[in-house]
Amino acid sequence: MIVKISSEISKSDLTRIETWFLKRDIEIRKVKTGRHLLLISSSQWKGDTYFLSRFKSVESLIDTGTEYQLSSRIYQSSNTVIELTNGVVFGRNHTVLMAGPCAVESENQIMHVAEVLSRRLKVKVFRAGAFKPRTSPYSFQGLGNRGLRLLRKIRDNFDMRIVSEVKDTTHLDSVAEVADIVQIGTKSMYNFTLLQRCGKLQKPILLKRGFMSTIKEVLQAADFIISSGNPRVILCERGIRTFEPQTRFSLDICSASLMQKISHLPVVLDPSHAVGIASLVPTIARSAAALGVDGLLIEVHPRPSQAKSDRNQALSLTQFEKMVPVLSSICSAVGRKLI
Ligand code: PEP
Ligand code: MN
């Protein structure tokens with residue numbers, strides 16, 4: 001239950017309302033938004049709300065009927081629109097192409113990719129990780145701060161905005177200094193401290209669905225971020241683990257479609273991590289574009305066979321270049337513009 005209160009509420013009225021909850025042993029979380037104060041209690045609570053509705057400053061009582069609340073379309077019917085400073089917009093009939101290597105490996109590598117993506121293909125968002133969450137401790141873990149410095153160069157030299165991931169809170173501030181969009185990876189979706197810290201940032205957060213999590217759980221993770229103060233969350237479906245071992249994961253396009261319906265947050269798809277096989281990425285990306293999503297996240301590498309992480313799924317620049325006009329036509333066909 002969300003109690004939406006005008007921020008002009010008097011101190012005494014607020015105390016009366018808080019005491020009312022306290023007496024009933026109902027825990028509430030206070031969230032400040034632009035013009036409102038929200039008191040949010042567990043959605044399971046269904047109480048007599050007559051007392052609350054009598055206050056003039058209580059504007060509405062919203063029961064989303066679900067355990068995720070702030071990410072629900074019942075709470076907010078209009079799309080959340082997220083704009084970056086170079087004209088990139090999520091949530092408004094655009095499909096934003098976000099591309100780049102899995103990891104920053106060297107200056108030559110990312111400069112070369114960024115040059116082709118930006119100058120030749122007009123891609124506006126560059127993705128690459130400096131802190132890589134790897135399953136094996138013996139695999140390349142990313143260049144860390146040196147990688148961030150290289151990403152800053154991309155941002156300065158090309159009119160591109162940067163998506164880069166955080167593994168945990170230790171390097172969050174450094175990543176957030178460089179990244180325009182902070183990515184929370186699939187394995188970190190349950191890092192509640194990280195979610196809450198991302199809620200304190202003034203940056204959009206790209207939240208990847210945990211590969212073993214339900215739709216409800218990813219929306220609850222989004223609520224952790226929003227209720228901590230940051231409403232700019234982008235949901236990313238990147239495939240879930242199923243019984244099928246031949247593709248890396250199974251891209252749950254049903255979830256993407258359902259999330260668009262039940263949540264107001266932008267939804268993007270990541271065909272690369274889902275299928276895990278480079279030759280199949282363009283086909284899966286086409287079906288993702290046809291779904292009509294707010295963005296696509298695609299891995300591309302100048303020499304895929306030498307990529308230090310996620311080698312099997314990286315498109316070459318030639319493969320990527322061939323795919324872009326096809327995606328663009330598909331987006332137009334479904335009433336979107338590929339940017
Ligand atoms: C990535 O984007 O490179 C990545 C590690 O993604 P995920 O968390 O979805 O595996
Ligand atoms: Mn990757």
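Positions are given from 1, in the same order as the sequence printed here. Remember, predicted model here, so these are calculated numbers, not experimental data. Each ligand, and each atom within it, is numbered from 1 in the order the structure gives.
Using a 4.0 angstrom heavy-atom cutoff, Cys102 counts as in contact with ligand 1.
Shortest contact from atom 2 (O) of ligand 1 to any protein heavy atom: Arg127 NH1, 2.7 Å. Remark: minimum distance from atom 8 (O) of ligand 1 to any protein heavy atom is reached at Thr186 N, 2.8 Å. Nearest to atom 7 (P) of ligand 1 among the protein's heavy atoms is Lys208 NZ, 3.5 Å. The single protein non-hydrogen atom nearest to atom 4 (C) of ligand 1 is His273 NE2, 3.3 Å, given as residue, atom name and distance. Atom 9 (O) of ligand 1 has as its closest protein heavy atom Arg238 NE, 2.6 Å. Here the heavy atom of the protein found nearest to atom 5 (C) of ligand 1 is Glu165 OE1, 3.6 Å.
Atom numbering of ligand 1 starts at 1 in the shown order; those under 4.0 Å from a heavy atom of Glu299 are 1 (C), 3 (O). Taking a cut-off of under 4.0 Å to the non-hydrogen atoms of Gly185, the atoms of ligand 1 that pass are 8 (O).
Where the criterion is an N or O separation shorter than 3.5 Å, residue side chain and backbone included, Lys187 fails it with respect to ligand 1. For ligand 1, the polar-atom distance check finds an N/O of Lys132 within less than 3.5 Å of one of the ligand's N/O atoms.
Counting just the N/O/S atoms of Asp310, the one with the shortest distance to the Mn ion (ligand 2) is named OD2. Note on Glu299: its N/O/S atom closest to the Mn ion (ligand 2) is OE2. Distances from the Mn ion (ligand 2) to each N, O or S atom of His273 single out NE2 as the nearest.
Of the possible donor and acceptor atoms, none in the side chain of Ser257 sits under 3.5 Å from a partner among the backbone N and O of Ile253. With hydrogens and angles disregarded, no donor-acceptor distance shorter than 3.5 Å links the side chain of Asn79 to the backbone of Pro266. Looking only at distances, a side-chain donor or acceptor of Thr95 sits under 3.5 Å from a matching main-chain atom of Val293. Under the 3.5 Å distance criterion, the side-chain polar atoms of Arg155 are left unmatched by any main-chain donor or acceptor of Ala179.
Taking 4.0 Å as the cut-off between side-chain N and carboxylate O, Arg209 and Glu217 do not count as a salt-bridged pair. Salt bridge present: Lys132 and Glu165 bring a charged side-chain N and a carboxylate O closer than 4.0 Å. Between Asp25 and Lys23, no side-chain nitrogen of the basic residue sits less than 4.0 Å from a carboxylate oxygen of the acidic one, so the salt-bridge criterion is not met. The pair Asp310-Arg248 meets the salt-bridge criterion, with a side-chain N (NZ, NE, NH1 or NH2) lying under 4.0 Å from an Asp/Glu carboxylate O.
Here the side chains of Phe131 and Leu148 are in contact, with some heavy-atom distance below 4.5 Å.
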